[in-house]
Amino acid sequence: MNAHWDKPRMEVLTRLWLSGKTARMIAEKLGGGVTRNAVIGKAHRLGLTGKHGSKSAALKRARAFRPKGSDQQRQRVSKTRAYS
DNA sequence: CCCTGATTCGC
DNA sequence: GCGAATCAGG
């Protein structure tokens with residue numbers, strides 16, 4: 001996956017985001033392996049979050065607190081992306 | 001029922 | 001800084 005967002009990537013991201021496209025459409029447009037989470041995360045980092053032209057999910061904001069990694073919250077493969 | 005963005009944490 | 005997970009609402 002692209003850990004670095006290049007200029008064209010950020011441009012298309014911002015363009016589609018402000019265009020009213022959903023994170024999922026943008027993720028598919030970029031392709032690669034970017035998920036809607038990655039797009040949203042980058043969008044928020046850029047400060048696009050909240051500037052969405054559409055409504056719906058943009059109406060809310062405050063999210064619940066994450067239970068952190070106390071005992072075994074995230075027992076996922078944590079970065080088990082098949083290391084060469 | 002699925003989808004949407006938003007937030008938080010871990011790496 | 002990036003990604004993924006979780007939440008809350010329509």
Side-chain angles (χ1 to χ4, degrees):
Chain A
M1 67 169 76
N2 275 336
H4 293 331
W5 281 75
D6 294 275
K7 279 193 257 181
R9 217 81 69 170
M10 293 167 52
E11 285 177 74
V12 66
L13 166 57
T14 312
R15 181 181 169 78
L16 295 176
W17 188 274
L18 297 176
S19 291
K21 276 73 174 96
T22 58
R24 219 221 218 170
M25 292 177 179
I26 301 167
E28 283 195 68
K29 201 73 173 164
L30 292 165
V34 297
T35 54
R36 61 189 236 10
N37 310 19
V39 174
I40 288 166
K42 185 72 196 171
H44 189 268
R45 201 177 53 96
L46 291 168
L48 299 163
T49 39
K51 290 174 173 52
H52 213 260
S54 308
K55 308 178 184 182
S56 300
L59 298 171
K60 22 188 179 294
R61 221 142 269 166
R63 202 92 311 301
F65 301 103
R66 225 122 298 306
K68 286 202 291 186
S70 299
D71 284 50
Q72 34 139 190
Q73 195 66 37
R74 289 228 174 138
Q75 57 178 161
R76 237 147 265 262
V77 269
S78 58
K79 307 264 159 135
T80 316
R81 293 263 172 194
Y83 293 109
S84 304

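When each of B:dT7, C:dG3, B:dG5 is scored by its nearest atom to the side-chain atoms of A:H44, the top-ranked nucleotide is B:dT7. Each of C:dA4, B:dG5, B:dC3 was ranked by its minimum atom distance to the side chain of A:H52; first place goes to B:dG5. Between B:dT7, B:dT4, C:dG3, one nucleotide has an atom nearer to the side chain of A:I40 than all others, and that is B:dT7.
When heavy atoms are screened at a 4.0 angstrom cut-off, A:R24 is found touching the sugar-phosphate backbone but no base atom.
Every pair tested for ring-ring contact (aromatic ring centres under 6.0 Å, His included) that includes a residue from residues 20-40 of chain A fails, sequence neighbours excluded, so the list is empty. For residues 13-41 of chain A, no residue pair satisfies the salt bridge (charged side-chain N to carboxylate O under 4.0 Å, His left out) rule, not counting sequence neighbours.
A continuous path of Ile, Leu, Val, Met, Phe, Trp and Tyr side chains, each step under 4.5 Å between heavy atoms, connects A:V12 with A:I26, placing both in one hydrophobic cluster. A:M25 and A:L18 fall into different hydrophobic clusters, defined by Ile, Leu, Val, Met, Phe, Trp and Tyr side-chain heavy atoms under 4.5 Å apart, directly or through other members.
Atom CZ in A:R36 sits roughly 11 Å away from atom C1' in C:dA4 (whole-Å rounding). In this structure, the CG atom of A:L13 is 15 Å from the P atom of C:dG1, given to the nearest Å. Atom-to-atom, CH2 of A:W5 to C1' of C:dG3 comes out at 11 Å; the value is rounded to the nearest Å. As a whole-Å value, the separation of A:R9 CZ from C:dG3 C1' is 15 Å. Put simply, CG on A:L48 is 15 Å from P on C:dG1, counting in whole angstrom units. Rounded to an integer number of Å, the gap from CG of A:L46 to P of B:dA6 is 13 Å.
Residue A:W17 places none of its side-chain N or O atoms closer than 4.0 Å to OP1 or OP2 of B:dT4. Between A:T49 and B:dG5, a side-chain N or O to OP1/OP2 separation shorter than 4.0 Å is absent. Within the 4.0 Å cut-off from OP1 or OP2 of C:dG1, not a single side-chain nitrogen or oxygen of A:H4 is found.
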